[in-house]
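As structure tokens, the structure follows; a few thoughts come after it.
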Amino acid sequence: EARFKDFLKILVSDKYIKVYKDTSHLMSGFTILLFLVQVVSFSFFIQIILDHFGYISKFVTLTEKEKELFREHVQIMTCFPRQALTRIGDLEQHIYFIKKGVLRKFFYKENEEITTQLSMEGDLVCCSVSFLSGEPSEFVLETMESTTLLFFSKSSLETLFSFFYNFEKMGRLVWLE
């Protein structure tokens with residue numbers, strides 16, 4: 001539990017900047033691209049969450065067939081603490097919505113774990129650069145406690161977007177809002 005509290009401090013800490021004394025990377029092209037990739041990933045995944053709250057109807061009206069296909073493609077997984085979902089060198093194949101629990105994304109620098117992201121209930125998370133580029137991940141995505149996830153595989157998202165215009169339209173409209 002103490003370790004978890006230390007990770008929560010990262011959210012409001014400037015320790016990374018003090019330790020590495022290089023703030024130039026904060027507005028680099030890679031950082032901006034990574035942010036945009038996360039926004040796009042969010043638009044894909046938001047449909048899972050918002051469908052349960054009637055939010056999707058603000059953008060599109062899904063037919064019963066589309067709703068059924070949506071339900072067929074979303075998967076649920078329960079994970080143990082410290083379970084790796086993606087490892088360094090893996091190709092990211094999923095986008096996760098955290099229904100319950102906490103995940104972190106990190107990489108290694110000289111055998112030290114450097115946490116880059118903490119994600120909690122209601123968040124979307126994946127190793128987005130790997131997911132979109134098809135390149136091996138440079139990060140580990142790991143649960144920090146018992147976690148329940150809803151997720152789509154990359155192929156499921158491609159199927160939904162290719163067969164149903166409403167899914168593609170909804171992803172764009174949610175992202176633009």
Practice item. Check step by step if side-chain hydrogen bond (donor to acceptor under 3.5 Å, both in side chains) holds for Ser156 and Thr159. Key: CA-CA 5 Å; Ser156 289; Thr159 299; 5.9 Å; no

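Evaluation of the side-chain contact (heavy atoms from CB on, under 4.5 Å) rule for Thr78 yields Thr148 as partners, not counting sequence neighbours. Ser137 pairs by the side-chain contact (heavy atoms from CB on, under 4.5 Å) definition with Thr86, Cys127, Ser130, Phe139, not counting sequence neighbours. Not counting sequence neighbours, the partners of Glu135 by the side-chain contact (heavy atoms from CB on, under 4.5 Å) test are Ser133.
Between Ser153 and His94, the closest side-chain pair of non-hydrogen atoms falls below 4.5 Å. Leu91 is listed as a side-chain neighbour of Pro136, based on a closest heavy-atom distance under 4.5 Å. When side chains are defined from C-beta on, Leu118 counts as touching Met144, because their heavy atoms get closer than 4.5 Å. In this structure the side chain of Phe151 reaches within 4.5 angstrom of the side chain of Met77, judged on heavy atoms. Counting only heavy atoms from C-beta outward, the side chains of Cys79 and Ser146 never approach each other to under 4.5 Å. Side-chain atoms of Gln117 and Val125, non-hydrogen and from C-beta on, do get closer than 4.5 Å to each other. Residues Thr143 and Val102 are not in side-chain contact: their nearest non-hydrogen atoms beyond the backbone lie 4.5 Å or more apart. Using a 4.5 Å heavy-atom cutoff, the side chains of Glu113 and Arg104 are in contact.
To the nearest 0.5 angstrom, Gln83 atom CD is 8.5 Å from Thr147 atom OG1. Atoms CG and CD, on Leu103 and Glu145 in that order, are 9.0 Å from each other to the nearest 0.5 Å. Distance CD1/Ile98 to OG/Ser119: 4.5 Å, rounded to 0.5 Å. Summarising the geometry, atom CD belonging to Gln93 is positioned 7.5 Å from atom OG belonging to Ser155; distances are rounded to the nearest 0.5 Å.
With hydrophobic clusters built from ILVMFWY side chains whose heavy atoms lie under 4.5 angstrom apart, Phe97 shares a cluster with Ile76.
In terms of heavy atoms, Ala84 sits closest to Arg87 at CB-NH1, 2.7 Å. In terms of heavy-atom proximity, Ile114 sits nearest to Lys109 at CG1-CB, 3.9 Å. Across Lys105 and Leu141, no two heavy atoms sit closer than the pair CB-CD1, 4.2 Å.
When the shell of 6.0 Å around NZ of Lys99 is examined, it contains 12 or fewer heavy atoms from other residues, nucleotides or ligands.
The hydrophobic cluster containing Ile88, built from Ile/Leu/Val/Met/Phe/Trp/Tyr side-chain heavy atoms closer than 4.5 Å, also comprises Phe106, Tyr108, Val140.
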